[in-house]
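To keep things clear, I will list the structure first and then write my remarks on it.
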Amino acid sequence: MGAAYSSCSTHSLTFSSQTLFSFPTITTKTSSKSNLESKVNTFLYPTNKISNTHLEKPIKTMAQTSFPRSGLAVKCGKVEEVETQEEGCVRKPPPMFDYHGIDLDLIQEMVYDSLVWSSLHGLVVGDKSAQRSGKVPGVGLVHAPFALLPVPFPESHWTQACELAPIFSELVDRVSLDGKFLQDSLSRTKKADSFTSRLLDIHSKMLEINKKEEIRLGLHRSDYMLDEQTKLLLQIELNTISSSFPGLSCLVNELQRSLLNQHGEDLGLDPKRIPSNSAVSHFVEAFAKAWNEYNNPRAVVMFVVQAEERNMYDQHWLSAVLNERHNIKTIRKTLAEIDAEGELLPDGTLLVGGKAIAVVYFRAGYTPNDYPSESEWRARLLMEQSSAIKCPSISYHLAGTKKIQQELAKPNVLERFLDNKEDIAKLRECFAGLWSLDDSDIVEKAIEKPELFVMKPQREGGGNNIYGVDVRETLQRLQKEGTDGNAAYILMQKIFPIVLPTFLMRDGICHKDHAISELGIYGAYLRNKDKVIMNDQCGFLMRTKISSSDEGGVAAGFAVLDSIYLT
C-alpha cells in the first residue's frame with residue numbers, strides 16, 4: 001500500500017528527460033506553511049533551510065536562508081495563530097550531509113555501481129512501458145526507484161519508532177475485538193462512503209454469525225515524519241492491510257550499505273551507521289508460525305494480488321524465502337480467481353484451485369478499484385467466512401481506517417483498549433492533530449488556512465488526499481451540500497519535515513533535488529486464542545520524495561525507496 005504523506009506541495013515525482021549526470025540547479029523553495037502541535041504551545045520555523053553539513057570529512061557548505069513564518073498551535077482543544085520566529089532569532093541547523101559538495105566523478109561512479117547492483121540483486125519492478133510487465137514475471141523489468149544515499153535520521157527517534165511497533169500492534173488487535181466500537185465509529189462514514197459501507201457489511205455478517213478468529217495475524221506498518229521545529233516523531237497513518245515493500249526495502253538497505261563500503265571514506269560516511277533491515281525475515285517468520293498454528297501440512301499460503309502487479313517482485317521475495325527456509329508453498333490469486341475457484345468446506349476449510357489455504361495474505365483489496373464487480377466482493381466474503389488465517393481479517397482492516405485513527409486520538413479513547421499508562425503516553429506523544437469534520441471550529445480554521453491541513457478520505461494506496469486550496473473548496477462544497485458527505489473525510493494537521501538535498505534514481509536517471517522522507521516501521525503480531533506468539537518490530541521502510549510533492553506512494557510514482565543513516 002502506498003504512502004499518504006501529510007506534508008508539502010502538489011506535484012508528483014517526475015524526472016526530467018536529462019542525461020544521466022546532468023543535474024538541475026538547486027533553488028531554495030520558500031514556504032509560508034506551518035505546523036500544528038496538539039500538546040504544547042510551541043513555535044514553528046521554516047522547513048526549507050539547507051544548512052551546513054556535519055560529515056566526518058566535510059567537503060563544502062551551503063548558503064543558509066531563514067524565513068519568518070506563522071502557524072497554528074492547539075491549546076486546550078482550540079486552535080490559535082501564533083508567531084513562530086522572534087526578531088533576530090536564528091536556530092541551530094540540523095546536521096546533514098553535503099550532497100552538493102560531492103565530486104561529480106564520484107557520483108557518476110556510484111550511479112553506475114548502483115544500477116549494476118540493482119540488476120544483479122533483484123531490486124526491480126515492472127516497467128510500465130512494457131505491456132506484459134505486470135502479468136508475466138521476468139518481462140519488462142526496470143530498477144525500483146531509489147535514493148543513492150541514505151537519509152540522516154536521529155537515533156533517538158529511530159529507537160522511539162521501533163519501540164512503538166508492538167504497542168500499535170496490540171492496539172490494533174484490541175480494537176478489532178470491539179465490534180461495536182468499529183461499527184459505531186464508522187456509522188456516519190458508512191452513509192457517505194460506499195466502499196467502507198461494503199466492508200462494514202461483511203464485518204456485520206461476521207458479528208451476526210459470531211465468527212471467531214482464534215488465530216490472528218497482523219503485518220502492520222506505522223508511518224511517521226519527523227517534525228522540523230518540535231523534533232517530534234508524528235504518525236502519518238497506521239497501515240493494517242497490504243503493508244508493502246518489505247522485500248525491496250531490504251535490498252535498498254543493502255545497496256546503500258554496499259555503496260558506503262566502497263565510497264564511504266571519500267564521502268566521510270560510516271556504513272555501520274545504516275541499521276540492518278530484517279523485514280523479509282520477520283514477515284516470513286510470521287507466515288511460518290501462522291502456518292504452523294493452522295496445523296495442516298498440506299495447506300498453502302495464498303497471496304491475494306491485483307490483476308496487473310508491477311510490484312510483484314517485492315511479493316515474490318517473501319514467497320521465495322518462505323519456500324527456501326520453511327518449505328511452505330505459496331499461490332497467487334486475484335479476487336476474481338478466488339471467486340471462480342474458491343470453495344468453503346463444511347468444517348470451514350477454504351479451498352482455492354483444490355488447495356487448502358492456511359493463510360490469506362492481502363496485497364490487494366484495499367481500494368475500490370480492486371472490486372470492479374460483485375465477483376470480488378463474493379471472494380472477500382468467502383475468505384472471511386473461512387477458517388483460514390486472514391492477514392488482515394476484516395476487523396483488522398477496519399481498525400486501520402483513517403476514521404478509527406482519528407477516533408483513537410480523542411481523549412480517553414486509548415484507555416478503552418490499553419491498560420499500560422506508559423504505553424498510552426508513548427502513543428499519544430506521536431499523534432498528530434486529527435479532527436472530525438463535525439468540529440465546526442476546526443473546519444472554519446481549515447477554510448481560513450487550508451495550507452495547514454490535509455483532508456483524508458477512507459482510501460489507501462496514495463494519491464487520494466486533498467491539499468491546499470482544494471481543502472477549502474472541498475469543505476465549502478460539503479457545507480453547501482449539507483449532507484453526510486463530510487463523514488467520508490477527516491482533517492489532519494499538515495506536518496512539515498526537514499527538507500534535505502538528495503540524489504534520486506528513477507529509470508536510470510539520477511536527479512538531484514530537495515526532498516523529504518517518511519519512515520515506516522513494520523510490526524508483526526500473531527495470537528492463537530489467548531497466547532501471543534509474536535509481537536515484534538520487524539524492519540522498516542524509508543521513502544523519500546521531492547519536497548514539492550504532497551503524495552508519497554512509491555508504486556504510484558511519487559517517491560523512491562530509501563534507507564537510514566543514524567545520527
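A quick note: this is a predicted structure, and the numbers were derived from the prediction, not measured.
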Q: Could you grab the distance from atom CG of Asp339 to atom CG of Leu382, nearest 0.5 Å is fine?
A: 8.0 Å

Q: Using the side chain to side chain contact (heavy atoms under 4.5 Å, CB included) rule, take Lys403 and Arg188 through it: C-alpha gap first, then chi angles, then the decisive distance, then the call.
A: CA-CA 10 Å; Lys403 179 61 180 175; Arg188 288 193 65 241; over 6 Å; no

Q. How many angstroms lie between atom CD1 of Ile167 and atom CG of Asn535, to the nearest 0.5 angstrom?
A. 9.5 Å

Q) Just by distance, do the side chain of Asp536 and the backbone of Cys538 share a donor-acceptor pair under 3.5 Å? A) no

Q: Please find out if less than 6.0 Å separates the ring center of Phe153 from that of Trp158.
A: no

Q. Just wondering, do Ile338 and Met302 contact through their side chains at under 4.5 Å, heavy atoms?
A. yes

**Q.** Nearest atoms (heavy-atom pairs only) where Ala432 meets Ile495
**A.** CB-CD1, 4.3 Å

Q) Between the side chains of Ser436 and Gln406, is a donor N or O closer than 3.5 angstrom to an acceptor N or O? A) no

Q | Gln315 side chain near Arg332 side chain, heavy-atom distance below 4.5 Å | A | yes

Q. Between Val443 and Leu437, which heavy-atom pair has the shortest distance, and what is it?
A. CG2-O, 3.6 Å

(Q) So does Asn210 get a backbone contact from the side chain of Lys212, meaning a donor-acceptor N/O pair under 3.5 Å? (A) no

Q) With distance as the sole test, does Asp127 use its side chain to make a donor-acceptor pair with the main-chain N or O of Gly140 at under 3.5 Å? A) no

Q: Check the side chains of Ser375 and Ser373 for a donor-acceptor pair under 3.5 angstrom, ignoring hydrogens and angles.
A: no

Q. Mind checking whether Trp377 and Phe195 have parallel, tilted or perpendicular rings, split at 30° and 60°?
A. tilted

Q | Under 3.5 Å: donor-acceptor pair, side chain of Tyr525, backbone of Pro166 | A | no

Q) Would you say Leu251 and Leu561 make side-chain contact, with heavy atoms under 4.5 Å? A) no

Q) Does the side chain of Thr502 come within less than 4.5 Å of Val151's, by heavy atoms? A) no

(Q) Consider side chain to side chain donor-acceptor pair (under 3.5 Å). Of Gln183, Arg198, Glu208, which one does His203 pass it with? (A) Gln183

Q | Glu309 side-chain N/O to Gln306 backbone N/O, donor-acceptor pair under 3.5 Å | A | no

Q. Below 4.0 angstrom, N of the basic side chain to O of the carboxylate: do Glu429 and Lys426 qualify?
A. no

Q) Stepwise, does the side chain to side chain donor-acceptor pair (under 3.5 Å) test hold for Ser176 with Arg216? A) CA-CA 10 Å; Ser176 74; Arg216 311 168 71 81; 2.5 Å; yes

Q: Assign the ring pair Phe417 / Phe181 to parallel, tilted or perpendicular, where the plane angle (0 to 90°) is split at 30° and 60°.
A: perpendicular

Q: For Lys135 and Gln131, indicate whether the former's side chain and the latter's backbone hold a donor-acceptor pair under 3.5 Å.
A: no

Q) Looking only at heavy atoms, what is the nearest atom pair of Ala161 and Leu233, with distance? A) CB-CD2, 3.6 Å

Q.
When you compare the side chain of Asp370 with that of Glu376, does any pair of heavy atoms fall below 4.5 Å?
A. no

Q) Donor-acceptor pair, Asp314 side chain versus Phe245 backbone, under 3.5 Å? A) yes

Q) Taking NZ, NE, NH1 and NH2 as the nitrogens, is one of them in Lys211 or Glu384 under 4.0 Å from a carboxylate oxygen of the other? A) no

Q | Steps toward salt bridge (Lys or Arg N to Asp or Glu O under 4.0 Å) verdict (Lys445, Glu448) | A | CA-CA 5 Å; Lys445 182 57 69 174; Glu448 178 186 353; 3.5 Å; yes

**Q.** Worked verdict on Arg380 versus Leu199 for side chain to side chain contact (heavy atoms under 4.5 Å, CB included)
**A.** CA-CA 9 Å; Arg380 184 68 186 269; Leu199 296 175; 3.9 Å; yes

Q: Taking all non-hydrogen atoms of both residues into account, name the closest pair between Lys190 and Leu200 and its distance.
A: CB-CD1, 3.6 Å

Q. To the nearest 0.5 Å, how far apart are CG in Leu123 and NE2 in His143?
A. 8.5 Å

Q | Residue Lys191 excluded, over 12 heavy atoms near NZ under 6.0 Å | A | no

Q.
Using a 3.5 Å distance criterion without hydrogens, assess whether the side chain of Ser249 forms a donor-acceptor pair with backbone atoms of Phe540.
A. yes

Q. Does a salt bridge link Glu473 with Arg477, judged by any charged N lying under 4.0 Å from a carboxylate O?
A. no

Q | Note: Glu374-Arg378 ion pair, threshold 4.0 Å (strictly below) | A | no

(Q) Any non-hydrogen side-chain atom of Gln405 less than 4.5 Å from a side-chain atom of Leu238? (A) no

Q | Contact summary for Pro246 and Leu318, nearest pair of heavy atoms | A | CG-CD1, 4.0 Å

Q) Nearest 0.5 Å, what's the CD1-OG distance between Ile564 and Ser517? A) 9.0 Å

Q) Is it true that a side-chain atom of Ser133 and a backbone atom of Ala130 form a donor plus acceptor pair closer than 3.5 Å? A) yes

Q | Distance in Å, His397 NE2 paired with Asn239 CG, rounded so as to fall on 0.5 Å steps | A | 10.0 Å

(Q) Less than 4.0 angstrom from a charged side-chain N to a carboxylate O is my criterion; do Arg221 and Asp223 meet it? (A) yes

Q) Measuring from Gln235:CD to Leu519:CG, what's the distance to the nearest 0.5 Å? A) 11.5 Å

Q. Is the number of heavy atoms from other residues, nucleotides or ligands within 6.0 Å of CD (Gln476) greater than 12?
A. yes

Q. Would Glu237 and Lys402 pass as an ion pair if we require N to O under 4.0 Å?
A. yes

Q) Counting distance only, does the side-chain N/O of Gln493 pair as donor-acceptor with the main-chain N or O of Gly433 below 3.5 Å? A) yes

(Q) Among Tyr396, Tyr522, Phe283, exactly one meets ring-ring contact (aromatic ring centres under 6.0 Å, His included) together with His220. Which residue is that? (A) Tyr396

(Q) With a 4.5 Å cut-off on side-chain heavy atoms, are Thr189 and Thr401 touching? (A) no

Q: Grab the two heavy atoms, one from Ala515 and one from Thr544, that are nearest each other, plus how far apart they are.
A: CB-CG2, 3.5 Å

Q: Would you mind checking if Lys410 and Glu407 are paired as a salt bridge, meaning a charged N to carboxylate O distance below 4.0 Å?
A: yes

Q: Kindly indicate, with the supporting measurements, whether the criterion side chain to side chain contact (heavy atoms under 4.5 Å, CB included) is fulfilled by Ile357 and Met383.
A: CA-CA 10 Å; Ile357 307 300; Met383 290 183 286; over 6 Å; no

Q: May I have the step-by-step check of side chain to side chain contact (heavy atoms under 4.5 Å, CB included) for Leu491 and Tyr489, ending in yes or no?
A: CA-CA 7 Å; Leu491 276 169; Tyr489 302 90; over 6 Å; no

Q | Side-chain heavy atoms of Pro457 within contact of Asp193, under 4.5 Å | A | no

